[in-house]
Amino acid sequence: QPSIGDRGCPERRLWLEGTAAELRCAASGNPPPRLGDTSDTSDSRDPFAPTPNVTRDSRDSQERPRATPNVTRASPEPPRATPNVTRAHAGTYQCRATNAHGSAVRNVTVAVEYGPAGVTLRVLPSANVTRGSGFTVDCGAEGVPAPTYSWALPPAPNLRMAADNRSVTVTAATTANRGVYTCTASNRHGRRAGSVVVRVD
């Protein structure tokens with residue numbers, strides 16, 4: 001009966017968006033098993049290739065499939081070049097090895113990390129502020145791992161940062177609070193900034 005071990009098929013993979021990657025699994029058995037793979041990703045599209053791809057290693061008679069969402073693989077077609085990874089590739093892939101004596105299954109979870117993107121700022125209740133009233137500037141961004149936040153803003157004694165640094169609240173606004181509020185989201189893969197102008201009249 002086929003066997004799929006952690007050495008030939010680690011159950012957790014970490015990929016970086018924008019880089020090339022290949023999901024390989026190796027199985028042992030006699031006769032040598034055929035392998036196929038399926039996935040349960042959040043995106044039903046096929047981000048790798050529209051046709052089956054299996055890489056054969058003639059030295060050890062093992063078949064090493066490239067994972068493709070929602071496609072079962074067991075075809076000896078030559079492999080295509082793997083495109084760059086996107087966050088849509090994150091998900092759980094299932095590698096199945098089969099021979100005349102049975103089958104073995106192993107789940108492989110792929111996590112995709114990427115730098116901050118989609119930085120958005122909101123001023124609540126409005127970016128046009130009346131003197132003496134209060135407002136909050138919220139900042140958000142996508143990214144894996146989760147971004148941290150820093151600010152460049154008009155210095156004033158009447159502002160308070162949230163514990164997670166994602167927002168700044170101003171009470172009893174004065175003209176000192178008018179200006180550009182810039183939020184920078186950062187993680188180990190980069191940084192991205194966004195800005196908004198607050199008017200106090």
Side-chain angles (χ1 to χ4, degrees), residues 11-23 38-50 66-71 81-93 107-201:
E11 64 181 6
R12 294 191 180 277
R13 313 287 177 93
L14 181 61
W15 293 352
L16 177 61
E17 186 174 61
T19 62
E22 189 174 53
L23 183 56
T38 60
S39 75
D40 179 19
T41 65
S42 59
D43 192 328
S44 61
R45 296 172 296 173
D46 181 347
F48 278 107
R66 297 183 178 197
T68 298
N70 305 321
V71 177
T82 305
N84 288 344
V85 171
T86 73
R87 62 202 70 173
H89 291 129
T92 299
Y93 296 80
N107 290 329
V108 178
T109 299
V110 173
V112 176
E113 293 194 349
Y114 54 95
V119 177
T120 58
L121 287 94
R122 294 186 307 161
V123 183
L124 301 173
S126 170
N128 296 312
V129 180
T130 303
R131 291 187 193 185
S133 62
F135 66 93
T136 297
V137 185
D138 288 326
C139 181
E142 300 176 1
V144 177
T148 58
Y149 299 87
S150 59
W151 292 82
L153 43 73
N158 59 337
L159 57 82
R160 176 174 50 86
M161 306 300 298
D164 60 4
N165 233 38
R166 291 189 58 172
S167 66
V168 55
T169 297
V170 172
T171 56
T174 70
T175 55
N177 301 120
R178 66 170 57 146
V180 178
Y181 288 68
T182 299
C183 170
T184 300
S186 307
N187 66 15
R188 59 173 168 258
H189 302 300
R191 60 179 56 194
R192 188 68 61 87
S195 298
V196 65
V197 176
V198 174
R199 297 175 175 84
V200 179
D201 298 315

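Nothing here was measured: the structure is a model prediction, and the numbers come from that model.
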Is it the case that T169 and T136 place a side-chain donor and acceptor less than 3.5 Å from each other?
yes
Just so I know, are the side chains of V144 and R87 near enough to count as touching, which here means a heavy-atom distance under 4.5 Å?
no
Which pairs, with at least one residue in residues 122-132 and sequence neighbours excluded, count as a side chain to side chain donor-acceptor pair (under 3.5 Å)?
none
For E142, does its backbone N or O pair with a side-chain atom of Y114 as donor and acceptor, under 3.5 Å?
no
Are the side chain of W151 and the backbone N or O of N165 linked by a donor-acceptor pair below 3.5 Å?
yes
For R191, I'd like to know if atom CZ has over 12 heavy atoms of other residues, nucleotides or ligands within 6.0 Å.
no
Flag the pair C139 / V119 as yes when at least one side-chain heavy-atom distance between them is below 4.5 Å, and no otherwise.
yes
Indicate yes or no: at least one non-hydrogen side-chain atom of N177 is less than 4.5 angstrom from one of V198.
no
Do T109 and N107 touch side chain to side chain, with heavy atoms closer than 4.5 Å?
no
Taking only residues two or more places apart in sequence or in another chain, which ones pass salt bridge (charged side-chain N to carboxylate O under 4.0 Å, His left out) with R199?
none
Check V168, V170, T182 against V137 for a side chain to side chain contact (heavy atoms under 4.5 Å, CB included) and give me the one that passes.
V168
Any non-hydrogen side-chain atom of V108 less than 4.5 Å from a side-chain atom of L23?
yes
Where does the angle between the aromatic ring planes of Y181 and F135 fall among parallel (under 30°), tilted (30 to 60°) and perpendicular (over 60°)?
perpendicular
Evaluate the side-chain proximity of H189 to E17: yes if any heavy-atom separation is below 4.5 Å, no if none is.
no
